[in-house]
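Have a look at the structure below before the remarks.
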Amino acid sequence: MIRTRFAPSPTGSMHIGNLRTAFYAYALAKHNNGEFILRIEDTDKKREIEGGANDIKDLLTIFDIKWDEYYIQSERLDLYKKAAEKLVEDGHAFYCQCEAKNAKEDGFSKDLRDPCRDKNLTSGAVKLKVPENEWITFKDFVLQKKVSWNTSTIGDATLFKTDGFPTYHLAVVVDDNDLKISHVLRGHDWMPSTPIHILVYKYLGFDVPEIGHLTDIMDPDGGKLSKRKGSTSVRGLLTEGYLPEALLNFVILLGWAPKDNREMFTLEEFVKYFDPNGFQKGNPVFNREKLDWFNGEYIRKLSDTELYEKFQFSNSNFQTMEENKKLQITKLVKDRIKKISDLDALAKFFWEEPKEIDMNLFGKNYKEHLTKAQEAIEKSIPLDTVSKNNDFKVGDFFMDLRIAITGTKFTPPINESIEILGKEKSIKRIRKILE
Ligand code: GLU
């Protein structure tokens, strides 16, 4: 039975890389009729944020990821304590009383070998007694290669702290064993911890599960993904107006590829087609244009009513529009938006009269164009007829009209826009320019 887990720490908002780990772990389990476990790793109380665990659950639910079992490490402290004590008893760990002085943030000692290791202390923090000059090797099932370390390069890591909480190194091993996790999938950042875990598995007499480290997601400008060009937190991207379906599709292809060139995947399809041989070895680049493309595709797949509801939920100006106009606006912008939040830029003129319009935007015949357009709107004569009868250049005529009504060159089709805006408001805007 394949059992995978997603083991986030509730220490900040979920990042796009964490979401990717969750999708891969979920698909690996579900493709094989296995089980997917959600485990909250809340052992670092100093870094924990309030509501963090609920936020993680809420986000996974938005993406339709359902977990078969759920655990919180802070409710399992006894288990870790016992394991720590056993390691000391068996001579593989020792008590240390200079924990704070000699520990770095990540639980490693500043010195590789801790001064307390031979003192035979009987209380304090518990640290791993790392042996000298032994080789630790494992085969990474994502990278498909063997990775080795010599223990002489590995520090005596803290396993259990004096605050009664384990560190990640101990809790992750105890839990992955206790919960019968068959495949561990995690970000590349965690690679340096793996030899420590392998020692702990061995000393506790546990079998080592399959372990795989996912590639790093890179920024288009080089380096690891950063926030320079917009949000990289899942919550932030959802708020920006990316649909969960589009984010899912985009994220799963950052580091995994199907055998054929298929591009569109629902979660169900991803589970069906998932194959661990599809993991890519090179670091993928977070290409925002690609994400926008996916999002546009998924927006077009929504029904008008579904899209209307998303606008209604996210745009307070849209909410104030007359009910019958809302659906009309929705239909009008549907083909033109990449994100739900694009509504405002494209349709703002419906709820807000354009402020100072740059007069340089108009063509040289704008006065004539607008005078005729105004008459036509008053008398309900089709604008195309006006343009034809007066021998106007169609493009120029409509561009001047568009700028007068909306204040910009880029808008939905102008005929329909005028219809939705209404005669009165349209004429008023044209007059203002002609004055
Ligand atoms: N708690 C770690 C994290 O926040 C888990 C790493 C792992 O999956 O082992 O990513």
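Indexing begins at 1, ligand by ligand and atom by atom, following the structure's order.
- When atom types are taken as modelled, the side chain of T215 and the backbone of N283 share no donor-acceptor pair closer than 3.5 angstrom.
- The protein non-hydrogen atom at the shortest distance from atom 2 (C) of ligand 1 is A7 O, 3.3 Å.
- Proximity of V172 to ligand 1, defined as any heavy-atom pair under 4.0 Å, is confined to the side chain (atoms from C-beta onward).
- Of all protein heavy atoms, the one lying nearest to atom 8 (O) of ligand 1 is R5 NH1, 2.6 Å.
- Using 4.0 Å as the threshold, F6 has no heavy atom nearer than that to any atom of ligand 1.
- Ion pairing between D176 and R39 holds under the 4.0 Å rule for side-chain N and carboxylate O.
- Taking the ring centre of F141 as origin, the terminal cationic atom of K139 falls outside the region bounded by 6.0 Å and 45° from the ring axis.
- Protein heavy atom at the shortest distance from atom 1 (N) of ligand 1 is E41 OE1, 2.6 Å.
- In this structure, the ring of Y80 has its center no less than 6.0 angstrom from the ring center of F165.
- Here the heavy atom of the protein found nearest to atom 6 (C) of ligand 1 is Y168 OH, 3.3 Å.
- Ring planes of H31 and F274: perpendicular class, angle over 60° (limits at 30 and 60°).
- Residue N18 places no N or O, backbone or side chain, under 3.5 Å from any N or O of ligand 1.
- Geometrically, R300 does not engage Y298 in a cation-pi contact defined by less than 6.0 Å to the ring centre and at most 45° from the axis.
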